[in-house]
Amino acid sequence: MDLVKELNDEQRRAVEQIEGPCMIVAGAGSGKTRVLTYKIAFLIESGINPYEMLALTFTNKAANEMKQRIRKLAGANAENLWMGTFHSVFAKILRIEAQHIGFDRNFTIYDDDDSEKVVEGIMKELGFSTDNPKPRTVNSYIKGLKNKLILPEDFVTVSNPFEKIVAPVYREYQQRLIRNNAMDFDDLLINPILLFRGNPDVLQKYQNRFKFILVDEYQDTNRAQYEIVKMLATGHGNISVVGDDAQSIYRWRGAEIENILKFETDFTDTKVFKLEQNYRSTKSILSLADEVIKNNKRQIKKTLFTENEEGEQVSLTEVLSDRDEGAMIVKWILTEIPNRKLNFKDFVILYRTNAQSRVIEDALRTNSIPYIIVGGVKFYQRKEIKDVLAYLKVLVNPKDDEAMTRILKLRDGIGEQTVEKIKNMAKEIAKSIAELLLAMLEENEGSTKKQSKIEAELMRVAGILKKYNEVKDGFSPSELARSVVDEIGILRELRNEGTDESMDRMYNVQELLSGISEYTDNNEGATLEGFLQEVSLVTDIDKYDENKNAVTLMTTHSSKGLEYPVVFITGLEDGIFPLSSSMLEQEEMEEERRLFYVAITRAMQKLYMTYALQRYRFGSVSYQMKSRFINEIDTSKLKYVKSTAMTRHRSRSVQEEGSSIKYEYYKDAGKDDVLSEIFREDVGVKKGSVVFHNNFGMGKVIDVTGRGDAKKAQIHFEKVGIKNIILKYANLTLK
DNA sequence: TCTCGTACGTTTTTT
DNA sequence: ACGTACGAGA
């Protein structure tokens, strides 16, 4: 490992700073990951046992990538390193220490949907209406409290009517989770704190174990994460954090930008390193980013610079509609690919909300451009997947009444009423539903009493549980899952349904099974518990394969930490970016601006930005104004174009009263329609015309062959001689 | 309890 | 545009 050669001076200094608190403020594209991985490798080379290090990242993907890189640098030594997201690392620790805080080690992890269901159930039980406030509102308020580390017992002196509902629900919610032997995402961070507070010896154990702590994306840590880090680092004080306050975009989830702003005062004798050289972007992209972010007041002072070339001007385009936006992007992709010798995978299309992806997908699909979409409806949140997982969850954790409720409701003839009855019966004998049903099964054994249909169904479920409880230890997770899926006949059921959606669902279940097989094969001694935990904590971005040759679509949030040669930032409209609900408070506006900054700084070579004058929102046309962020930048430095209609206008007039915009929205225009519209420049390309090509310059057309997509021209260029050009890709201009 | 129709609200962003 | 949640009727 040659630190001097691989790193710049500041990076190297940051890497070599071994002891004490260390804050690395790393501007976008400044080699943050590089520094972090080298630092860990350097620690290992300096003789520090990887077993004594804890590295915390924001996504599993970041953790896996870093692990790989460290392995390359430090070899097998790196194996015992603890590296992962806060959530996964502390889930692991909590399983080990579960008994100290009243849980079993096989606790279930509840996602947001699960939490909301629990909240809804409690609200009904306590006699609150679920119309106003909605369970969802109450749940997210509770999450907010938990993020701020306000426990139920701290939340008693409440004043307003809303909080008077929240307080008892919150209280009961936490108790319910303990009863179900379950933790939600926030508990995975709060419970370590309770564990450490209540058990100083346990805290000491981990303080002694983790002698070196490194935290990535420190600007996005919340109160609980901050407390954990502080507790663990107390004593040795060997804590390195890496982050960029300008890229803090998770305030809504409880992230406190203050954590990074006050790090220096939190930890005495902090060494601060600022990575200010950007290796990613062109000068023109970086200067735009700078222009945007300087409108924010609160930030750590730093000046980003780059030695990269000036590059092409950033492009800003006004399009008429969301559809035009898609068509425009298609056009750009098809011209950039030959121009820059790029592949589909070199492009990313960013948007503020997932809902915006749809129109863009349409444009890509009609033009046969391969794409992958990150985020949106998550695989493990799908109904059919949750249904199967519910069985596995109950087998692992028989106290999980939420999963059990789900199972029961799937059975024929069992509905709300029956579940209510069963729940109450279980409550009376202080048992979980699964425990109760198993006990009933035992009792009924050998009895000849005639069962009602409902009883029979209940006993069938109990029978399945009993059967698999008995054999589960001898089965691998994949064998068990396969067998359970067969038993409940969900694949057959979905196939018989025969609709397109049901077939999709069937494939999803099959995909789940292969996922479990893969997990079983890749992890020695794989357990069902392990798989379920992984499932709860992976996200789309973790599974995202950058090597697949396809255009990527994702939200700006998901793009953090990634880079692409060509970036499209779409929907730069007031109300969308910045999002309207964020336009009230100064703090939130600054966060939106940081998000815009993140989007800009993903780009390496070329950045395209677009806004549409109108787009479909909530099923009807809404007229949009360009983003206020655009007014904050000097558009004369950009290539600013107001485009004319791209897509065919027909079939539906959407002109509205009082609007000066007459616009007919096209519908169902086929691929050829769009292409010929987009590439209408091509129409005039014929023998003898003089044309201009972005790469080759001026030339004269010698011959034209083929038609449609395959239309080619033989052109004699002044500079490079004769070339055969596929017009579809070339974007020639007539002179 | 289920099934079908309709009305309604949804769109932030994610571990 | 879409999914879901709820009510009426079976």
Side-chain angles (χ1 to χ4, degrees), chain A residues 56-63 84-91 109-113 115-116 120 130-132 134-137 140 143 146-147 183-190 217 220-222 224-225 248-255 322 350-359 362 374-378 380-383 408-420 452-454 457 501 533-542 554-560 571 575-583 588 591-592 594-596 598-599 615-622 667:
Chain A
L56 297 164
T57 60
F58 195 71
T59 63
N60 294 299
K61 182 160 176 273
T85 61
F86 270 93
H87 291 84
S88 63
V89 164
F90 288 98
I109 298 170
Y110 281 0
D111 65 22
D112 263 4
D113 287 347
S115 301
E116 202 180 304
E120 187 182 359
T130 50
D131 277 345
N132 183 34
K134 292 244 161 61
R136 190 182 177 151
T137 319
S140 68
K143 284 183 71 67
K146 295 177 84 164
N147 275 320
M183 298 189 194
D184 65 22
F185 286 141
D186 306 312
D187 290 331
L188 294 178
L189 303 176
I190 293 174
E217 307 279 13
D220 282 323
T221 51
N222 66 17
Q225 289 165 322
S248 167
I249 53 173
Y250 284 97
R251 195 180 109 93
W252 51 273
R253 186 175 113 179
D322 45 0
L350 301 178
Y351 35 78
R352 179 66 234 283
T353 63
N354 281 309
Q356 286 162 255
S357 73
R358 205 190 168 79
V359 204
D362 284 347
V374 177
V377 186
K378 285 160 212 71
Y380 294 109
Q381 314 256 55
R382 288 166 201 271
K383 182 186 179 300
L408 291 180
K409 283 186 180 163
L410 287 173
R411 310 300 308 196
D412 260 356
I414 299 179
E416 202 75 37
Q417 311 266 328
T418 314
V419 169
E420 250 349 273
S452 69
K453 183 172 183 304
I454 288 176
E457 278 296 326
E501 301 97 78
Q533 158 150 336
E534 178 150 310
V535 161
S536 312
L537 299 178
V538 301
T539 62
D540 240 36
I541 194 81
D542 296 330
M554 60 170 82
T555 63
T556 310
H557 280 88
S558 297
S559 75
K560 196 173 72 162
I576 290 190
F577 204 165
L579 202 69
S580 49
S581 51
S582 312
M583 284 162 62
E588 296 190 5
E591 173 140 319
E592 291 288 308
R594 291 193 292 267
L595 190 57
F596 186 30
V598 167
R615 69 171 61 242
Y616 267 89
R617 291 189 83 189
F618 305 114
S620 62
V621 175
S622 109
K667 207 181 171 186

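Numbered from 1 within each chain, the chains take letters A, B, ... in sequence-line order.
The interatomic distance linking A/F618 (CZ) with B/dA7 (P) rounds to 20 Å, in whole Å. Atoms CZ (A/R382) and P (C/dT4) sit 11 Å apart, rounded to a whole Å. Between the P atom of B/dT13 and the CZ atom of A/F577 lies a distance of 13 Å, rounded to the nearest Å. With rounding to whole Å, A/I576 atom CD1 is found 14 Å from B/dT10 atom C1'. Atom CD of A/E217 is separated from atom P of B/dT14 by 14 Å (rounded to the nearest Å). Computed from coordinates, the A/D322 CG to B/dT11 P distance equals 19 Å when rounded to whole Å. Nucleotide B/dT14 holds its P atom 18 Å from the CZ atom of A/R251, rounded to whole Å. Nucleotide C/dA1 holds its P atom 16 Å from the CZ atom of A/R617, rounded to whole Å.
Side-chain proximity of A/R352 to B/dT13, B/dT14, C/dC2: nearest is B/dT13. Listed candidates were C/dA1, B/dT1, B/dT14. Nearest to the side chain of A/Y250 is B/dT14. Of the candidates B/dT11, B/dT1, B/dT14, the closest approach to any side-chain atom of A/D112 belongs to B/dT14. You'll find that the side chain of A/Q417 is closest to B/dT1, out of B/dT1, B/dT10, B/dT12.
The residue A/S88 sits apart from the nucleic acid: no heavy atom pair falls under 4.0 Å. In this structure, A/T418 reaches the sugar-phosphate backbone alone: every heavy-atom distance under 4.0 Å involves primed, P, OP1 or OP2 atoms, never a base. In this structure, A/F86 reaches neither bases nor backbone, as no heavy-atom distance under 4.0 Å exists between it and the strands shown. Nucleic acid contact for A/R136: sugar-phosphate only, since backbone atoms but no base atoms lie under 4.0 Å from a heavy atom of the residue.
For A/N354 and B/dT12, the shortest distance from a side-chain N or O to OP1 or OP2 is not below 4.0 Å. Residue A/T555 has a polar side-chain atom (N or O) positioned under 4.0 Å from OP1 or OP2 of B/dT14. A/R253 has no side-chain polar atom (N or O) that falls below the 4.0 Å cut-off from OP1 or OP2 of B/dT12.
By the 4.5 Å heavy-atom criterion applied to side chains, A/T57 and A/E217 are not counted as neighbours.
Scored by the side-chain hydrogen bond (donor to acceptor under 3.5 Å, both in side chains) test, A/D412 finds no partners at all (sequence neighbours excluded). In terms of the side-chain hydrogen bond (donor to acceptor under 3.5 Å, both in side chains) criterion, A/Q225 has no residue partners (sequence neighbours excluded). With sequence neighbours excluded, the residues satisfying side-chain hydrogen bond (donor to acceptor under 3.5 Å, both in side chains) with A/R411 are A/Y391, A/E457. Shown here are the side-chain contact (heavy atoms from CB on, under 4.5 Å) partners of A/R251, two or more places apart in sequence or in another chain: A/E585, A/E587, A/E588, A/E591.
Closest non-hydrogen pair, A/T556 versus A/L595, comes out as CG2-O, 3.4 Å. What you find for A/H557 and A/I249 is that their closest heavy atoms are NE2-O, 3.1 Å.
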Identify all pairs in which a protein N or O lies below 3.5 Å from an N or O of nucleotides 5-10 of chain C, and state each distance.
none

Between the protein and nucleotides 2-6 of chain B, are there any N/O to N/O pairs under 3.5 Å, and if so, what are the atom names and distances?
| from | atom 1 | to | atom 2 | distance (Å) |
| --- | --- | --- | --- | --- |
| B/dC2 | OP1 | A/G413 | N | 2.7 |

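Judged purely by atom type and a 3.5 angstrom limit, A/D184 uses its side chain to pair as donor or acceptor with the backbone of A/D187.
Note on ring orientation: taking the six-membered ring where Trp is involved, the planes of A/F596 and A/F577 are perpendicular (angle over 60°, cut-offs 30° and 60°). Ring geometry for A/F86 against A/F90 counts as parallel: the plane angle stays under 30°, on a 0 to 90° scale with 60° as the upper cut.
Mapping A/K134 and A/T353 onto DNA chain B by nearest heavy atom places A/K134 closer to the 5' end of the strand.
Stacking of A/W252 onto the six-membered ring of B/dT13 is present: less than 5.5 angstrom between centres, less than 30° between planes.
Separation of the C1' atoms belonging to C/dA5 and B/dT12 is 22 Å when rounded to the nearest angstrom. A gap of 16 Å separates the P atoms of B/dT11 and C/dC6, to the nearest Å.
Considering A/R253, A/K560, A/R594 in turn, A/K560 is the only one that fulfils the salt bridge (Lys or Arg N to Asp or Glu O under 4.0 Å) rule with A/D220.
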